[in-house]
Amino acid sequence: MTTPQVALTAAELLGLFAHFLVLSLLAVGGAITTAPDMHRYIVGEHHWITDAQFTTSIAIAQAAPGPNVLFVAVLGWNVAGPLGALATMTGILLPSTALSISAWRWGTARRETRGVRAFTTGLTPLTIGLLCATGWILAEPYVGEPSHRLGAIVLIAVSVAVMVWTRLSPMWLVGLGALLGALGWA
Amino acid sequence: MTAPSPTPPSLPAAGPRSNADLFRTFTRLALQGFGGVLAVAQRELVDYRRWLTREQFVEMLAISQVLPGPNIVNLSLMLGDRYFGLRGAASALAGLLAVPLVIVLALATLYAEFASVPVVAGALRGMGAVAAGLVIATAVKLFSTLRNNRMGPVLGTGFAALTFLLIAWLRWPLAWVVVGLGAVAVAVAWQKEAR
């Protein structure tokens, strides 16, 4: 996989930044739930990076220590280098950070009111649906590739089973995935 | 590391000594977190440092989950803000992101150099499949919380399934779904909360 990095114009960079500003406010349940929309914008609409590059960006961030939101920086980096990373990362963090601090101060005072409770109750199912959609979209390129389909399905299934039924650290799974992948099995 | 002694639920927690302490602590826990930091955060902040009781941690996490933005980022902001205001929030957030950001971008650059080596590409492909599995597993685990959702399990599952279909299958823009379907879901919840 080569990296045909497109040089983005200032207007395109600004558009990228603006898109992530909006996504930031929609990222209920974590930045990863907005991954499908990032995919739609960066890969589907603008063709700045390929499908495989998109998925490996997320895989690199998962493989590295730190919060998963850093995949956003890797995406920006792969689209347009340091400026791209700056655009996507500040875009995804700025609005949600400002909103979270204000809402935290406001909401802790009104924790038990009907409005706050309705907000929590109503948005929880959407968060779960979004997580499912994200998992689906991340799995698709691996499951869709016939040569490695079986290995990928087994690896995904094992990961889910281990995470749901054991207390093993995901580090071991990431290591297992790297090993099996390097051997050409997944 | 010694085994953390169980924290009595209502014991007032110790706190960070300074903004630098916040920064160091969040850097430390971020660097231990592969594939997600929340589990490490719980161990470090509650069991080990006792900055929060379990109840406080769960409560902060619940609020983090409904607010936009990554849970752990929101949690770091809230914890920092509680002790040292905006400066505290900034210190905790910077601790969480600064060093890991450098590491992940270094890895991304290295990967671009070695992407054509089959072993490296294969390893990344395997890790990517696991990453997909980790996200699916999180969704599976959270699904059980729908049972306790005050909308009831049927409506809750319905909204979750509809969200999945609109995003994963029909590929609707997220904004439409969160604002449109979200408004409907909150309105339904508002009705249920009355009882």
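The sequence lines fix the lettering, A, B, ..., with proteins before strands; numbering per chain opens at 1.
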Please classify the contact between Ala108(B) and chain A as side chain, backbone, both or neither, with a heavy-atom cut-off of under 4.5 Å.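 Its backbone and side chain both get close to chain A.
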Region of Val178(B) that comes under 4.5 Å of a non-hydrogen atom in chain A: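 Val178(B) touches chain A through backbone and side-chain heavy atoms alike.
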Atom pair [atom1]/[atom2] of [X] and [Y] - distance to nearest 0.5 Å:
X	Y	atom1	atom2	result
Leu70(A)	Ile103(B)	CG	CD1	9.5 Å
Met89(A)	Leu101(B)	CE	CG	6.0 Å
Ile60(A)	Met127(B)	CD1	CE	8.5 Å
Leu126(A)	Phe159(B)	CG	CZ	7.5 Å
Leu77(B)	Ser96(A)	CG	OG	7.5 Å
Asp37(A)	Trp172(B)	CG	CH2	13.5 Å

Among [options], which residue has the highest count of heavy-atom pairs closer than 4.5 Å to chain B?
options	answer
Gly175(A), Ala73(A), Ala103(A), Cys132(A)	Cys132(A)
Leu155(A), Ile58(A), Leu183(A)	Leu155(A)
Val22(A), Val158(A), Thr55(A), Leu25(A)	Leu25(A)
Gly115(A), Pro36(A), Ala178(A), Gly44(A)	Ala178(A)
Thr97(A), Val143(A), Thr124(A), Thr34(A)	Thr97(A)
Ala182(A), Ser159(A), Gly135(A), Gly184(A)	Ala182(A)

For the candidates [options], which exhibits the highest count of non-hydrogen atom pairs separated by less than 4.5 Å from chain A?
options	result
Ala185(B), Ala131(B), Pro100(B)	Pro100(B)
Val179(B), Leu155(B), Leu96(B), Leu166(B)	Leu96(B)
Val188(B), Val186(B), Leu86(B)	Val186(B)
Leu93(B), Ile167(B), Leu124(B)	Leu124(B)
Thr109(B), Val184(B), Val117(B)	Thr109(B)
Pro173(B), Ala161(B), Gly156(B)	Pro173(B)

To check you understand the geometry: which heavy-atom pair defines the closest contact between [X] and [Y], and what is its length?
X	Y	value
Pro67(A)	Ile72(B)	CB-CG2, 4.0 Å
Leu107(B)	Ala64(A)	CD1-CB, 3.6 Å
Gly122(A)	Met151(B)	CA-CE, 3.5 Å

Are [X] and [Y] in one and the same hydrophobic cluster, where Ile, Leu, Val, Met, Phe, Trp and Tyr link if side-chain heavy atoms are under 4.5 Å apart?
X	Y	result
Trp165(A)	Val140(B)	yes
Val43(A)	Leu23(A)	yes
Phe164(B)	Met38(A)	no
Leu176(A)	Leu138(A)	yes
Leu13(A)	Phe20(A)	yes

salt_bridge(Glu45(A), Arg171(B)) N-O dist < 4.0 Å: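 Answer for the salt bridge query: no.
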May I ask you to decide whether Glu193(B) forms a salt bridge with Arg117(A), counting only side-chain N to carboxylate O separations under 4.0 Å?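 Here Glu193(B) pairs with Arg117(A) in a salt bridge, since their nearest N and O are under 4.0 Å apart.
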Crowding at CG, Leu110(B) (>12 non-hydrogen neighbours, <6.0 Å):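 For Leu110(B), atom CG is crowded (more than 12 foreign heavy atoms under 6.0 Å).
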Considering only heavy atoms, which portion of [X] lies under 4.5 Å from any heavy atom of chain B: side chain, backbone, both, or neither?
X	result
Ser57(A)	neither
Arg114(A)	both
Ser24(A)	backbone
Tyr142(A)	side chain
Leu93(A)	side chain
Ile101(A)	side chain

So do the side chains of [X] and [Y] get within less than 4.5 Å of each other, counting heavy atoms only?
X	Y	value
Leu26(A)	Pro68(B)	no
Leu97(B)	Val69(A)	yes
Leu146(B)	Pro125(A)	yes

Please determine whether side chain to side chain contact (heavy atoms under 4.5 Å, CB included) holds for the pair Asn74(B) and Trp104(A), giving the CA-CA distance in whole Å, both sets of side-chain angles, and the decisive distance to 0.1 Å. CA-CA 9 Å; Asn74(B) 287 341; Trp104(A) 155 248; over 6 Å; no
Without hydrogens or angle criteria, can the side chains of Thr121(A) and Asn149(B) be said to hold a donor-acceptor pair below 3.5 Å?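 Distance-only check fails for Thr121(A) and Asn149(B).
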